[in-house]
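Have a look at the structure below before the remarks.
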Amino acid sequence: MFEQTLNLHNWQRAFHVDGSLRDIYVHETTAWDWSKFMQLVARYNPVFYREGEAAVLPDRVEGLPGQFGAAALLLSFSPGKVGVNCHFFVEDEIELDVDLREVTSPLEVKALMAFMVELGRSLKKNVTLTEEGSPTWKWFGYEHTDDSIILF
C-alpha cells in the first residue's frame, strides 16, 4: 500500500521544510474516539505535559485535567523517527502537529502513513495530512471506507 503511494506521490513536496508544520486531522471526534486515540498512542512511549510539567497520561479523555483548550496540555510521541504533538484544542477534532525537519526520507513518510492508517482503522474515521492550520489544504490521507491511502 505505502510503496505504491510513495511512488505516485512526490513526498518531498508535501514535506518540504518551509518553516511551517503539517497537521494530521481526524474530524467529528467524540470522547470515545479520544480514548481510543490515547490507547493507540500509549504504544509509542508518549510523553504528556500539563502546564509544562511532565504528567501521567490518562487512559481516557475524561481523565484529562481541565477542559479541552482550558489547560496547556501536550502529548508528544514518535511513530518511527518523526515527532508528533497533540495539544487537545477541541473535543470534536483530533489535530496533531508534525515537524517537517524530521521527515527526511521515504522511511519517515512510511512510518507516518502507517500511523495514520492505524489511527483511521482504530477510530473507523478518515485521517488527513494538511498544511498547518488549514484542514482543507490536504496532501494525502487515509480513507476509512476504502481502507486506502488517498492523494489530493
Side-chain angles (χ1 to χ4, degrees), residues 2 5 11 14-104 107-152:
F2 305 122
T5 302
W11 66 270
F15 293 100
H16 173 72
V17 177
D18 59 5
S20 68
L21 302 171
R22 291 295 176 264
D23 289 335
I24 296 173
Y25 283 101
V26 182
H27 299 288
E28 299 179 13
T29 56
T30 64
W32 181 88
D33 294 319
W34 276 100
S35 293
K36 293 289 284 182
F37 165 74
M38 291 177 9
Q39 290 170 9
L40 172 67
V41 168
R43 293 186 280 194
Y44 292 96
N45 299 314
V47 180
F48 181 66
Y49 300 93
R50 177 179 173 230
E51 304 293 342
E53 302 276 329
V56 175
L57 176 66
D59 60 351
R60 297 173 0 128
V61 72
E62 292 85 357
L64 285 173
Q67 300 294 352
F68 280 88
L73 304 176
L74 173 64
L75 175 65
S76 295
F77 61 98
S78 297
K81 295 179 181 178
V82 179
V84 176
N85 293 314
C86 178
H87 298 279
F88 302 92
F89 292 128
V90 293
E91 185 175 354
D92 65 349
E93 178 179 84
I94 295 172
E95 179 185 342
L96 309 172
D97 296 333
V98 178
D99 187 341
L100 298 176
R101 295 171 298 182
E102 297 179 5
V103 183
T104 59
L107 293 176
E108 285 88 18
V109 175
K110 283 176 69 172
L112 200 57
M113 290 172 74
F115 168 74
M116 291 172 62
V117 168
E118 187 178 23
L119 178 60
R121 286 176 178 163
S122 177
L123 302 182
K124 297 179 175 53
K125 293 188 184 275
N126 296 341
V127 181
T128 55
L129 179 87
T130 72
E131 288 290 315
E132 180 179 17
S134 300
T136 58
W137 189 348
K138 302 173 185 176
W139 285 101
F140 58 82
Y142 169 75
E143 174 64 42
H144 154 263
T145 54
D146 297 332
D147 191 36
S148 63
I149 294 289
I150 54 174
L151 307 173
F152 296 101

### Query
Which distance, rounded to the nearest 0.5 Å, do you find between the OH of Tyr49 and the CG of Leu73?
13.0 Å

## Note on the structure
Looking only at heavy atoms, the pair that brings Phe48 and Val56 closest together is CD2-O, 3.5 Å

### Task
Compare all side-chain heavy atoms of Glu131 with those of Trp139 and state whether any distance is below 4.5 angstrom.
yes

#### Entry: Under 3.5 Å donor-acceptor, Thr128 side chain and Thr130 backbone
no

### Message
Just so I know, are the side chains of Leu40 and Phe77 near enough to count as touching, which here means a heavy-atom distance under 4.5 Å?
### Response
no

### Query
To the nearest 0.5 Å, what is the distance between NZ (Lys36) and CH2 (Trp32)?
5.0 Å

### Query
Taking all atoms of both residues into account, what is the closest heavy-atom pair of Pro46 and Leu57, and its distance?
CG-CD2, 3.7 Å

#### Entry: Which residues share a side-chain hydrogen bond (donor to acceptor under 3.5 Å, both in side chains) with Asp92, sequence neighbours left out
none

### Query
Under the ring-ring contact (aromatic ring centres under 6.0 Å, His included) test, which residues partner His16, sequence neighbours left out?
none

### Side chain proximity check, Leu96 to Phe37, heavy atoms < 4.5 angstrom
yes

### Query
Given side chains that start at C-beta, do those of Tyr25 and Lys138 come closer than 4.5 Å, heavy atoms only?
no

### Partner set under side chain to side chain contact (heavy atoms under 4.5 Å, CB included) for Asn85, not counting sequence neighbours
Leu74, Ser76, His87, Asp97

### Task
State which residues pass salt bridge (charged side-chain N to carboxylate O under 4.0 Å, His left out) with Glu118; sequence neighbours excluded, sorted by chain then number.
Arg43

### Query
Looking only at heavy atoms, which two atoms of Leu112 and Pro79 are closest? And how far apart?
CD1-CG, 4.5 Å

### Query
Between Ser78 and Gly83, which heavy-atom pair has the shortest distance, and what is it?
OG-CA, 3.7 Å

### Summary
Hits for salt bridge (charged side-chain N to carboxylate O under 4.0 Å, His left out) against Asp33, two or more places apart or cross-chain, chain-then-number order -> Lys125

### Message
Rounded to the nearest 0.5 Å, what separates atom OG in Ser134 from atom CG in Asp23?
### Response
8.0 Å

### Query
Residues two or more places apart in sequence or in another chain: which of them pass salt bridge (charged side-chain N to carboxylate O under 4.0 Å, His left out) with Asp18?
Arg22

### Query
How far does CD1 of Ile149 sit from CE of Met113, to the nearest 0.5 angstrom?
4.0 Å

### Task
Could you check if a side-chain atom of Leu119 sits within less than 4.5 angstrom of a side-chain atom of Tyr142, using non-hydrogen atoms only?
no

#### Entry: Gap between atom OG1 of Thr29 and atom CD of Glu95 - 0.5 Å precision
11.0 Å

### Message
Are Val41 and Val84 packed together at the side-chain level, in the sense that at least one heavy-atom pair is separated by less than 4.5 angstrom?
### Response
no

### Closest heavy-atom pair and its distance - Met116, Gly141
CE-CA, 3.9 Å

### Task
Could you tell me whether Tyr44 atom OH has more than 12 heavy atoms of other residues or ligands within 6.0 Å of it?
yes

### Sub-4.5 Å side-chain heavy-atom contact between Glu108 and Phe15
no

### Query
Do Asn126 and His27 come close enough that some side-chain heavy atom pair is under 4.5 Å?
no

### Query
About how many Å separate CZ of Phe88 and CD of Glu93, when rounded to the nearest 0.5 Å?
13.5 Å

